[in-house]
Amino acid sequence: MKEELISGKITRREFAQRLIALGIIGSSAGTLLTWADKAHAAKRGGRLRAGIAHGSTTDTLDPATYENGYMSKINYAIQNHLGEVDHTGNMFPELAESWDPQNGAKTWVFNLRRGVEFHNGKTLDSDDVIASFQHHMGETKSPAKSLLKQVSSIRKDGKYKVVFELTGGNADFPFVASDYHIAIKASKDGKINPTDGIGTGAYVLKEMEMGVRFFGTRNPNYFKPDRGWFNELEMLSIVDPTARSNALTTGEVDVIDRVDLKTAHLLARKSGIKVEETTGTKHYTFPMRTDTPPFDDNNVRMALKHAVNRDEIVEKVLFGHGVVGNDHPIAPSNPFHAATLPQRTYDPDKARFYAKKAGGSIKVQLSAADAAFPGAVDAAVLYKEHAAVAGIDIEVIREPSDGYWSNVWMKKPWGACYWGGRPTEDWMFSTAYMGGASWNDTFWKHDRFDKLLIQARAETDQNKRREMYYEMQQIVRDEGGVVVPMFANYVFGTTDKIEHGTLAGNWDLDGDKFHERWWYS
Amino acid sequence: MPMSNLFKEFLSAPLTAKFGMLVIFGYAVISIFAPLIAPYGETEILGGAYELWGDKYLLGTDNLGRDMLSRLIYGARNTIGIALLITVLAFLLGSITGMIAATVGGWTDQILGRIVDVLMSIPSLIFALLVLSIFGTAMPYLISVIAILDSTRVFRLARATAMNVAVMDFVEVARLRGERLGWITVKEILPNITAPLLAEFGLRFCFVFLFISALSFLGLGIQPPTADWGSMVRDNSTLITYDDITPLLPAGAIALLTVAVNFVVDWMLHKSSGLKDVS
Amino acid sequence: MIHILKIVAQRIALGLLTLLVISLFITFGVELLPGDLAESILGQSATPETVRVFRAELGLDKPAHLRYLDWLAGMATGDMGVSLANKREISELVGIRLANTLFLGGFAAAIAVPLALLLGILAALYRNSFYDRAVNVFTLTSISFPEFFVAYILILFFAIKFGWFPGISNVSTELALGDKLYRTLLPAATLTLVVVAHMMRMTRAAIINLLASPYIEMARLKGIRPTRIILRHALPNALAPIVNVIALNLAYLVVGVVIVEVVFVYPGLGQLLVDSVSKRDVPVVQACSMIFASVYILLNLSADVISIITNPRLLHPR
């Protein structure tokens, strides 16, 4: 198996998953694959100042309320999780030292790293992990609650071992257990204080003004020897894209996320500034409610899927910083992405053909707001023009950005939406495509699909699993209610004094862990 | 006024006012005949994003590959039409209520004044957000919300200036004569407060463009793909910090119109003031 | 004088009533907006169950009118309550930001008001001259640009090209006054450009409007110098509209600057209000609106009082 890995026949992720499946992944394998291959000539020192596109005065430090990229970056600066996703998209132990599936992946044993200290001096043990998980279970407001529904019980087995019992087998459970909400925090009497800002992370919280500024200093006792290079970390919330790029060009900050795509090439031309991007699982969609006419007719959906010129949208909305989608949510970087599935293309004749099958002319409304994703209204306007060629009439309704998620998304028959994406196929599909799932924004139910989803989740034979996921992608593409025109890159700018290893693409700015992974040259 | 007199008026106007009237006339022609003048359609997607100025696209293309010049021309039609309608509505509402408040005084004045206080003290973006989110963003709502908000400013001004006039002897006399309220406001007060109102009109008109562009910050405002200058400035504004003058085109279009309207206003102001020293 | 005091007292009493009406309007306006704090914070990831728990935690399961009455009772004793979103004392949350907002507004007003009056008086004095035209074209052009655009242009020249001033104005409380002025000069200049034209043009128009009046004609015939005529004879009588427009613009400098705050990353009250409205944090929205409303009411009241004082006929009504 190791030979296969080296010869490139299987990806690193598959390698790891086979180890998981075989139940032999251990601390040595974990270390081997995570931090060891990033031993660059990194240097300690300096203050990193970042301008972040999110942040609101209503934010809180409670992990159950993290809702934007600003809090997510603070989360990863001050706290750690059981596992972490590396630059290849693999999940590796972080606060756990290793994990071990038993009983057909229904029981998961997590062995914790020893000697890890919280910022308040407490040493990490099983009680902290259990209390941190319980914050997101039972009577809670946490968005991670639905993820953890599959956990029937958590118990400790000694000071450094936690055992999860699941209601059904899940070969991807380490991904779930490392969801960004589930930060591991210090417990007292079986409870965590969610807003104390105390974690095990590379930076210790010193000052925090919500929606304005975060300031932290390096954690001298950080448990990763080769991470957390900066002495100080300052993050400013700079919501306006122009203000953000100005702050970078005038030297007020060293890093910005979400570079304005329109002007990214101009920013890159400035001396002393680098613009970089990563391709991940982030995708933009136009979900149709398949329970509402006319979208309950698959012919209408197929007509609309053929009536959009994805290349032009990628070119004019993403300015080339992304790739076209194939009407399913699985990204090229996902391990079981069906690369052999033919790419759907703009074909007005086929659109007309399906429209005719659906009973003649199609006239629909498309609701969009830039809250759905940046450029959503422009994308909708382009869509309208493309569809007009096929004789399909789309009326674009610009909705107020305010209240978009509660008022438009999953309410209006056809709208725009974004997904940060999920590192595993199972997670993505169960979140938004399984019949009855709470974020199934197409209100779609497909028996064969749902059956495959449950089967694939517990399947440990990777080839069989791949076949199932391929079939599911095809089903969504040809029968689902979603138009996926594009996968968007994360584009960010830094000064040329910043250095880093291979970038991770699971979130913006190196998996939102830029502060612990990067350093000054 | 017969045609010849109008022409004489025009000839007698100072150079700046002539310039202003010519510009306004030009904008009017462009607005009315937009489909004939524009080289391409308003929403037609023609080429790549941000194509350069050239023979094919005189002013290049916008971010979606639509012809910039055609968008500007259609923008004139959409934006000026809406702005004019809103400003006229705002002035009708604001100046009438303002004059009534000043002439009648007492409780009428108090009630109108306090209603205006309420409307004004809510930041206008928030007020627009509340109303438009609740009622929807259809054009009639958009127009009435901005008109009502604008009219509060007109009310304050009309009331303040009319108060000064309402206590003048000739108004007292008219009152004693037993003239009706309508007659007094229209015949006695209005002619004496037109100057500040006119000055205000010239500016309010241009503030409407700006308010529409501020609304697009919140995703409210005129529905796409309709072209309007305010949103065109907003959509392309980032480019200015990279020395790209694209956003200056719609902004310049607004500025030119503002200057022109206010030059004409200045001239009318001068005439109504009765000063004879017109240069 | 007693007459004026009576008016002021009456207006302050009515002002309190106005505040009450505004608080009702705001509370129920925000209440009518789609979604509440729980839904907005959970956003795309809200599920009915988690929203229910969150609401109970926030006390949002209580009916709106009861929550309003609670808030009102608190306000009556000077307690603004706590932010729903992060449980911080609103007085503390608002305090820092109000100080920032007043600082920036005051800075801009200190430049803009004298400048506008001076430019306006000069324009009236030298009406129709080249100076008059130039000043008008310049100020008119500057207000025809949306304020964020004016800000971008200033940043382009003074921060990016010349590097004289910082591109963003993040200030903290411990900053010395000089530094603070330096860091906020660009936003203050932006605001000045935005408000100066309006006040300047009104000054000019109001003065010109009076120049044909018989008493000015008389003064002119007596051979008094034009400067003196305008300053001593025209200006005092033209004050009513000018003061009203100044009041409007001062209020704007406090209440309407959210876009400038966003562009310059300046932590002011406008940003807080917008964030709180979009997240439906009702107590914070109420607190901010009360502050803004008081500013407006006080400024309008001052404008009205000045209008009355400057007109003897209003001062001594028959």
Side-chain angles (χ1 to χ4, degrees), chain B residues 14 16 110 113-114 117-118 120-126 129-131 133-134 153 156-157 160-161 163-164 167-168 172 195-196 198-200 202-203 206-207 209-210 213-214 217 230 233-234 237-238 240-241 243 247 251 254-255 257-259 262-263 266 269-270 272-275 277-279, chain C residues 14-15 17-18 21-22 25-26 29-30 32-34 127-128 133 136-137 140-141 143-149 152-153 155-156 160 197-198 201-202 205-206 208-209 211-212 240-241 244-245 248 251 255-256 258-259 270 273-274 277 289 292-293 295-297 300 303-304 307 311 313-314 317:
Chain B
T16 46
Q110 282 292 6
R114 301 300 74 75
D117 274 352
V118 170
M120 280 173 85
S121 51
I122 300 166
S124 35
L125 271 184
I126 300 295
L129 176 73
L130 288 181
V131 176
S133 300
I134 293 166
R153 276 72 179 169
R156 291 279 315 166
L157 186 72
T161 41
M163 287 259 280
N164 280 339
V167 289
M168 294 285 190
E172 285 299 316
L198 262 181
E200 185 74 9
L203 289 186
C206 116
F207 286 165
F209 297 89
L210 304 186
S213 98
F217 249 106
V233 181
R234 163 103 195 104
S237 57
T238 341
I240 194 75
T241 47
D243 282 343
I254 300 177
L257 182 62
T258 310
V259 171
N262 282 287
F263 272 170
D266 283 352
L269 208 61
H270 211 98
S272 79
S273 74
L275 280 174
D277 58 358
V278 173
S279 53
Chain C
L14 278 170
L17 192 69
T18 315
V21 174
I22 291 169
F25 183 91
I26 288 282
V30 175
L32 278 176
L33 284 179
R127 56 195 168 279
N128 303 326
R133 300 302 178 207
N136 268 306
V137 169
L140 286 172
T141 308
I143 53 159
S144 338
F145 290 175
E147 48 198 327
F148 59 86
F149 196 61
Y152 290 164
I153 293 177
I155 291 174
L156 170 67
I160 297 176
H198 196 194
R201 286 189 56 79
M202 188 48 75
I208 289 183
N209 190 35
L211 287 185
N244 264 285
V245 168
L248 262 184
V255 177
V258 59
I259 290 171
L273 178 61
V274 169
V277 169
S289 335
F292 285 154
V295 167
Y296 247 114
I297 291 171
N300 275 352
D304 287 345
S307 304
N311 189 335
R313 289 175 197 265
L314 287 176

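Below, chain A is the first sequence line, B the second, and so on; all start at residue 1.
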**Student:** Side chain, backbone, both or neither: which part of B:L130 has a non-hydrogen atom closer than 4.5 Å to chain C?
**Tutor:** both
**Student:** Locate the shortest heavy-atom distance separating B:I240 from C:Y152; write the atom from each residue and the value.
**Tutor:**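 Closest approach of B:I240 to C:Y152: CG2-CB, 3.5 Å.
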**Student:** Answer yes when C:R127 and B:D266 have at least one side-chain N-carboxylate O distance shorter than 4.0 Å, and no when they do not.
**Tutor:** no
**Student:** To the closest 0.5 Å, what do you measure between CZ (B:R153) and CG (C:L248)?
**Tutor:**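 Interatomic distance, B:R153 CZ to C:L248 CG, rounded to 0.5 Å: 6.5 Å.
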**Student:** Check ring-ring contact (aromatic ring centres under 6.0 Å, His included) between C:F292 and all other residues, then give those that pass, not counting sequence neighbours.
**Tutor:**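 Once residues adjacent in sequence are excluded, C:F292 has no partner under the ring-ring contact (aromatic ring centres under 6.0 Å, His included) criterion.
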**Student:** Tell me the closest heavy-atom pair linking B:A255 and C:T141, and the distance in Å.
**Tutor:**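 Taking every non-hydrogen atom into account, CB-CG2, 3.9 Å.
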**Student:** What part of C:A205 gets within 4.5 angstrom of chain B, counting heavy atoms only: side chain, backbone, both, or neither?
**Tutor:** both
**Student:** Roughly how far, to the nearest 0.5 Å, is the CD1 atom of C:I26 from the CD1 atom of B:I122?
**Tutor:** 4.5 Å
**Student:** Any idea which heavy atoms bring C:S144 and B:I254 closest together, and the distance?
**Tutor:**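 Scanning both residues, the minimum pair turns out to be O-CG2, 3.6 Å.
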**Student:** Heavy-atom distances under 4.5 Å only: say whether C:V137 touches chain B with side chain, backbone, both or neither.
**Tutor:** both
**Student:** Working note: B:L210 + C:F145, criterion side-chain contact (heavy atoms from CB on, under 4.5 Å); need CA distance, chi angles, decisive distance, verdict.
**Tutor:** CA-CA 7 Å; B:L210 304 186; C:F145 290 175; 6.0 Å; no
**Student:** Give the member of B:L257, B:L129, B:L157 that has the highest number of heavy-atom pairs under 4.5 Å with chain C.
**Tutor:** B:L157
**Student:** Mind checking salt bridge (charged side-chain N to carboxylate O under 4.0 Å, His left out) for C:D304 and listing every partner two or more places apart, or none if nothing turns up?
**Tutor:**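 So C:D304 forms a salt bridge (charged side-chain N to carboxylate O under 4.0 Å, His left out) with B:R156, B:R159, C:R11.
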**Student:** At a 4.5 Å cut-off on heavy atoms, which part of B:L203 comes close to chain C: side chain, backbone, both, or neither?
**Tutor:** side chain
**Student:** Distance check, rounded to the nearest 0.5 Å: B:E200 atom CD versus C:R201 atom CZ?
**Tutor:** 10.5 Å
**Student:** Considering all heavy atoms of both residues, which atom of C:I22 and which atom of B:S121 are nearest to each other, and what is their separation?
**Tutor:** CD1-OG, 2.8 Å
**Student:** Compute whether any side-chain donor of one residue and acceptor of the other, for B:N262 and C:N136, lie under 3.5 angstrom apart.
**Tutor:** no
**Student:** Answer with side chain, backbone, both or neither: which region of B:S237 has an atom nearer than 4.5 Å to a non-hydrogen atom of chain C?
**Tutor:** both
**Student:** Under a 4.5 Å cutoff for heavy-atom pairs, which residue among C:V258, C:L17, C:I143 has the most contacts with chain B?
**Tutor:**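 Among the listed options, the one with the most contacts to chain B is C:I143.
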**Student:** Would you give the length of the straight line joining atom OG1 of C:T18 to atom CD of B:Q110, rounded to the nearest 0.5 angstrom?
**Tutor:** 9.0 Å
**Student:** Considering only heavy atoms, which portion of C:L32 lies under 4.5 Å from any heavy atom of chain B: side chain, backbone, both, or neither?
**Tutor:**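 Both the backbone and the side chain of C:L32 come within 4.5 Å of chain B.
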**Student:** Are B:R234 and C:F149 in a cation-pi contact, defined as NZ or CZ under 6.0 Å from the six-membered ring centre and within 45° of the axis?
**Tutor:** no
**Student:** Where do C:G29 and B:I134 come nearest, in terms of heavy atoms and distance?
**Tutor:**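 What the structure gives for the nearest pair is O-CD1, 3.6 Å.
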**Student:** Would you mind telling me which of B:T238, B:L198, B:T241 has the largest number of heavy-atom pairs within less than 4.5 Å of chain C?
**Tutor:** B:T241
**Student:** Could you measure the distance from the OG1 atom of B:T161 to the CG atom of C:N244? Nearest 0.5 Å is fine.
**Tutor:** 8.0 Å
**Student:** Using a 4.5 angstrom heavy-atom cutoff, name the option from C:L33, C:V295, C:I155 with the most pairs to chain B.
**Tutor:**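 Of C:L33, C:V295, C:I155, C:L33 has the most heavy-atom pairs under 4.5 Å with chain B.
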**Student:** Of the backbone (N, CA, C, O) and the side chain (C-beta and beyond), which part of C:V255 lies under 4.5 Å from a heavy atom of chain B, both, or neither?
**Tutor:** both
